[in-house]
Asker: 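Following this message is one structure expressed as structure tokens.
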Amino acid sequence: MHSHDDAPARALRQELQARASQAVLERVSRDNERKDIFIATVAHELRNMMAPLDAALEILERGQSDPDLLRRALPVARRQVRHICHLVDDLLDVGRIVNNQVLLDRSPMLLQQVLDETLAACEPMFAERGQQVGSRICSEPAWIRGDALRWAQVCTNLLHNACKFTQPGGSIHVSLDVDEDAHQAELRVSDNGCGIARGELEAIFGIFRRERRATRGQPGLGIGLALVRRLVELHGGTIQAESAGPERGATFVVRVPLMARAPRAAGQGIRVGRPLNA
């Protein structure tokens, strides 16, 4: 038999349980809403990609005897097919992240080499928007045990993110440093773009969350940063976003452990950074 003194404690437990249940329901509701938005975004992106492709195919059908029409239509069709392939890759990565199925092929790799190659590959993207991009890559080798393809994906996503959220003509800076005391490499990608609100600095890494700062007309599903975080964490690293607020730029900081010792055949030179399109 319970005494009357137990009544307040029971009431408090019931209230706490009710609040916890309500919080779970609200979280599930928010997650479902984000998934619905994500699905709608996928449909919208696919439709936007298919329309120019359909128009290009129609031009090809009508312009078989017109070389000029063919020259204009083929690049459009090729570009849209690449966009669709990229979208499908993003969708596959969503499934891997949600189901914890992201696999790594880890081996000794030089982070400078991956970053330098990624910067070179992204140069046309920055040039198209007239953005000034500079880099400062330390001369001390940053050897890590990682998956080079996945690290290229990390670097590419961060650079695409900076390009997307920086206005045409804006500035982007990339740096890579080695912290011997902490025994880690630190990669920074900074821009002077539209910035991030304080309350969004952690939320932007959510899997089904598109950034509120997204610029008009910019394609994408909003999963790039979620994938970046997962890949960095699988390598034992961390990533954080920094920003003084809207319209004040943003910086993404990646830290990853270095190898205990460099591989024996590690004598290649390292470029220490330069303006890409100054």
Asker: Do any N or O atoms from the side chain of Ser135 and from the backbone of Ser175 form a donor-acceptor pair under 3.5 angstrom?
Answerer: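 Flag not set: sc Ser135 to bb Ser175 has no pair under 3.5 Å.
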Asker: Which pairs with one or both residues in residues 167-200 pass ring pair (Phe, Tyr, Trp, His ring centres under 6.0 Å), sequence neighbours excluded?
Answerer: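 Sorted pair list comes back empty.
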Asker: Kindly indicate, with the supporting measurements, whether the criterion side chain to side chain contact (heavy atoms under 4.5 Å, CB included) is fulfilled by Leu111 and Val256.
Answerer: CA-CA 10 Å; Leu111 203 49; Val256 62; 4.2 Å; yes
Asker: Got a second to check how far Leu159's CG is from Glu123's CD, nearest 0.5 Å?
Answerer: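 Leu159 atom CG to Glu123 atom CD measures 11.5 Å (nearest 0.5 Å).
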Asker: With clusters defined by side-chain heavy atoms of hydrophobic residues (ILVMFWY) lying less than 4.5 Å apart, directly or transitively, does Leu201 cluster with Val232?
Answerer: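 Linked within one cluster.
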Asker: Dump the intermediate steps for side chain to side chain contact (heavy atoms under 4.5 Å, CB included) on Phe252 and Val154, then the final yes or no.
Answerer: CA-CA 11 Å; Phe252 288 86; Val154 167; over 6 Å; no
Asker: Measuring from atom CG of Asp177 to atom CD of Glu140, what distance do you get when rounded to the nearest 0.5 angstrom?
Answerer: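 Between Asp177 CG and Glu140 CD, I get 10.0 Å after rounding to 0.5 Å.
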Asker: Would you compute the distance between atom CZ of Arg129 and atom CD1 of Ile172 and round it to the nearest 0.5 angstrom?
Answerer: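 The CZ atom of Arg129 sits 8.0 Å away from the CD1 atom of Ile172.
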Asker: Looking only at heavy atoms, which two atoms of Pro141 and Val178 are closest? And how far apart?
Answerer: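 Scanning both residues completely, I find the closest heavy atoms to be O-CG2, 4.1 Å.
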Asker: Can you tell me how far the CG atom of Leu176 sits from the CG atom of Leu119, to the nearest 0.5 Å?
Answerer: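 Rounded to the nearest 0.5 Å, the CG-CG separation comes out at 10.0 Å.
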Asker: Applying side-chain contact (heavy atoms from CB on, under 4.5 Å), name anything that partners Pro52, two or more places apart in sequence or on another chain.
Answerer: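 By the side-chain contact (heavy atoms from CB on, under 4.5 Å) rule, Pro52 matches Val76, Gln80.
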Asker: Do Trp151 and Val253 share a hydrophobic cluster, counting only Ile, Leu, Val, Met, Phe, Trp and Tyr and linking them when any side-chain heavy atoms are less than 4.5 Å apart?
Answerer: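 Per the 4.5 Å side-chain linkage, Trp151 and Val253 are not co-clustered.
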Asker: Write down the atom of Ser243, the atom of Ile196, and the distance for their closest heavy-atom approach.
Answerer: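 Answer, listing the atom of Ser243 first, then Ile196: OG-N, 3.0 Å.
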Asker: State whether the side chain of Gln131 and the backbone N or O of Thr166 hold a donor-acceptor pair below 3.5 Å, judged by distance alone.
Answerer: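 Checked: pair present.
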Asker: Would you please name every residue forming a side-chain contact (heavy atoms from CB on, under 4.5 Å) with Asn157, sequence neighbours left out?
Answerer: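 Residues passing side-chain contact (heavy atoms from CB on, under 4.5 Å) with Asn157: Gln153, Leu227, Val228.
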Asker: With no hydrogens and no angle check, is any side-chain donor or acceptor of Gln112 less than 3.5 Å from a backbone partner on Ala142?
Answerer: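 Checked: pair present.
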Asker: Just jot down the side chain to side chain donor-acceptor pair (under 3.5 Å) partners of Thr156, sequence neighbours excluded, or say none.
Answerer: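 Listed in chain order: nothing, the list is empty.
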Asker: Show every salt bridge (Lys or Arg N to Asp or Glu O under 4.0 Å) that has at least one partner inside residues 237-256, sequence neighbours left out.
Answerer: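 Passing the test, one end in residues 237-256: Glu186-Arg255, Arg188-Glu242.
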Asker: Applying a strict under-4.5 Å side-chain criterion to I, L, V, M, F, W and Y, I'd like to know whether Ile239 and Leu104 cluster together.
Answerer: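 Yes; tracing contacts between hydrophobic side chains, which count when under 4.5 Å, links both residues.
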Asker: If two hydrophobic side chains count as joined below 4.5 Å and joins carry through other members, does Leu158 share a cluster with Met125?
Answerer: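 In one cluster with Leu158: Met125, yes.
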Asker: Mind checking the NE2-CG spacing from His160 to Leu225? Nearest 0.5 Å is all I need.
Answerer: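 Answer rounded to 0.5 Å: 12.5 Å.
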Asker: Check for a donor-acceptor pair, side chain of Arg230 on one end and backbone N or O of Val102 on the other, with a separation under 3.5 Å.
Answerer: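 It does not hold such a pair.
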Asker: For residues Arg229 and Phe205, report the shortest heavy-atom separation together with the two atoms involved.
Answerer: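 Where Arg229 meets Phe205 most closely, the heavy atoms are NH2-CD1, 3.6 Å.
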Asker: Is there a side-chain contact between Leu187 and Val174 (heavy atoms, below 4.5 Å)?
Answerer: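 The answer is yes; the side chains approach within 4.5 Å.
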Asker: Please report the C-alpha distance between Leu53 and Ile84 in whole Å, then the side-chain angles of each, then the deciding distance to 0.1 Å, and finally whether the side chain to side chain contact (heavy atoms under 4.5 Å, CB included) criterion is met.
Answerer: CA-CA 10 Å; Leu53 182 58; Ile84 292 171; 4.2 Å; yes
Asker: Should we say atom CD of Gln101 is surrounded by more than 12 heavy atoms from elsewhere, each under 6.0 Å from it?
Answerer: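 Yes, the 6.0 Å shell around CD holds more than 12 heavy atoms from other groups.
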Asker: Listing request: all salt bridge (Lys or Arg N to Asp or Glu O under 4.0 Å) pairs with a residue in residues 145-160, at least two apart in sequence or in separate chains.
Answerer: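 Listed by first then second residue: Asp93-Arg150.
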